[in-house]
Trainee: 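Shown below is the structure under consideration.
Below, each value reflects all heavy atoms present in this structure, side chains not excepted, and no hydrogens, waters or symmetry copies.
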Amino acid sequence: MTSTNEPKGAATAAPRGALRRPADLARNIDVSGLVDTEGGLLDRMVFTDGELYRQELRRVFAPSWLFLAHTDQFHRPGDFFTTYMGEDPVIVTLDRDRRIRAYLNSCRHRGARVCRADSGTTRNFTCTYHGWSYNLDGSLVSVPNRDGYPGEFAPADWGLVEVPHVETYHGLVFGTWNPDPVPLRESLGDMAWYMDAMLDHDDEGTVVVGGVHKWVLEDNWKLAAEQFATDWYHVNMSHASALMLLAPAGRKPKDEVVHRSGRQYADPNGHGAGFPVHPRNRFDAQTVHKWTDYDALRERLGAARVEGPLTNGHATVFPNFSYLPVNGSVRVWHPKGPDRMEVWAWTIVDKSMPEEVREAQRLYNLRTFGPSGIFEQDDGENWSEVQAIAHGFITNGVALNYQMGMGSERHDGRHPGLTSELYSDAAGRAFYGRWRELMNTPAWHEEHEETEESKA
């Protein structure tokens with residue numbers, strides 16, 4: 001079920017006085033010629049160009065719903081978690097009315113962070129630079145040497161800049177800077193059906209185990225988001241050693257593991273999910289598999305989800321939130337420039353799981369898709385290898401091929417939306433199609449700037 005906080009509209013008003021930023025500082029590039037969804041081609045510059053990256057922050061990240069946290073990280077007023085929306089640092093917290101809210105983690109005085117801890121509990125957020133202090137509702141409540149300011153100085157005008165919309169979906173907390181967004185559930189569309197295969201096993205919901213793991217990779221965030229949306233194709237080659245390790249001693253991986261059949265969901269909003277389809281698909285952690293009541297899941301979710309996206313799948317919610325139902329791994333690809341990203345990963349499990357089953361899932365996640373996991377290291381190496389040579393003049397000008405599965409998209413009658421074959425680039429084409437659309441569409445803040453300029 002979707003839970004929506006009270007809509008607040010625009011972000012906290014920020015006085016500008018006589019300030020007016022020159023429009024030339026934010027030059028926008030028409031990216032139509034960089035993405036050919038019909039021909040299945042992609043210009044490599046989308047991964048390397050600094051101006052395109054800055055345009056992404058303005059037009060892809062600022063207007064989109066972005067994953068912030070899990071509701072299990074907030075139990076009492078003052079609980080907080082610091083994260084990022086694009087490259088903007090934010091604080092997510094539970095206020096005294098027990099509403100989850102998010103604020104720009106930047107003091108309104110000189111711009112330092114007002115919260116430097118990763119998580120915890122507090123009564124207020126105080127800047128360690130000059131001591132401005134803010135309440136859990138974002139209001140400025142303390143200004144040292146208040147008498148030194150002019151009489152017209154109004155603390156009510158200088159509260160923390162608030163993220164105007166924060167909504168939750170089955171425990172996942174999302175926020176957007178867009179003052180008038182499409183509601184989160186509408187933005188997810190049919191993708192919600194695939195997400196429910198991981199998030200809606202029973203009425204108790206999910207919880208976080210093991211904290212948040214963070215690591216840095218030298219590559220572009222889109223390489224990771226794209227793979228989790230569309231790419232089962234790499235599994236047999238990139239993860240061959242891991243598959244051998246997980247196979248029974250002295251045996252090769254089973255043929256039905258190596259030669260999977262399945263479906264790939266491609267969403268017009270850029271989301272994507274791929275999953276094998278087999279009646280005996282299951283969780284890879286044996287302890288979790290033995291505990292799971294598959295009959296109850298079939299009754300709640302239907303056979304199509306239990307035999308497909310519930311287990312050995314991969315998925316991305318556009319732009320940069322991905323998950324793996326097989327081990328409850330959810331992660332964000334935080335952009336840190338065109339050539340760098342931070343991966344933040346959580347393990348979520350059913351709240352109804354006994355402690356020993358939770359621990360089995362947590363350990364399985366760490367061994368496979370943790371920072372040093374046997375699958376995760378393969379993926380990071382691939383992305384970094386792609387990015388390492390991408391700046392070469394000739395290399396950068398060679399188009400990349402996204403043609404697998406072209407023309408195979410259809411309504412299959414079993415899974416919502418358009419699906420393609422398991423081995424396909426369909427969701428990748430949809431991902432970059434959405435990226436192209438947003439990159440060429442003025443965001444709400446640009447429309448506001450145009451209005452201000454016309455007034456001047």
Trainee: Taking the six-membered ring for Trp, are Phe81 and Trp344 parallel (under 30°), tilted (30 to 60°) or perpendicular (over 60°)?
Mentor: perpendicular
Trainee: Run the salt-bridge test on Glu446 and Arg59 with the 4.0 Å N-O cut-off and return the result as yes or no.
Mentor: yes
Trainee: Per the side-chain hydrogen bond (donor to acceptor under 3.5 Å, both in side chains) rule, which among Asp49, Thr48, Asn396, Asp339 passes with His391?
Mentor: Asp339
Trainee: State, yes or no, whether a side-chain contact exists between Asp88 and Leu104 at a heavy-atom distance under 4.5 Å.
Mentor: yes
Trainee: Is the backbone N or O of Phe318 less than 3.5 Å from a side-chain atom of His271, with the two atoms forming a donor-acceptor pair by type?
Mentor: yes
Trainee: Between Gln264 and Gly428, what is the shortest heavy-atom contact and its length?
Mentor: OE1-N, 4.4 Å
Trainee: Quick one: which of Val357, Asn327, Val209 gives a side chain to side chain contact (heavy atoms under 4.5 Å, CB included) with Val349?
Mentor: Val209
Trainee: Just by modelled atom types, is the Ala296 backbone N or O under 3.5 Å from a matching donor or acceptor in the Asp293 side chain?
Mentor: yes
Trainee: Should the pair Glu307-Arg414 be classified as a salt bridge under the 4.0 Å nitrogen-to-oxygen rule?
Mentor: yes
Trainee: Ignoring hydrogens, what is the shortest heavy-atom contact between Thr292 and Leu297? Give both atom names and the distance.
Mentor: CG2-CD1, 3.4 Å
Trainee: Name the residue from Phe431, Trp333, Phe375, Phe275 that meets the ring-ring contact (aromatic ring centres under 6.0 Å, His included) definition with Phe228.
Mentor: Trp333
Trainee: Taking 4.0 angstrom as the limit, do Asp202 and Lys351 come out as a salt bridge?
Mentor: no
Trainee: Is it true that Arg263 and Glu409 have a side-chain N and a carboxylate O under 4.0 angstrom from each other?
Mentor: no
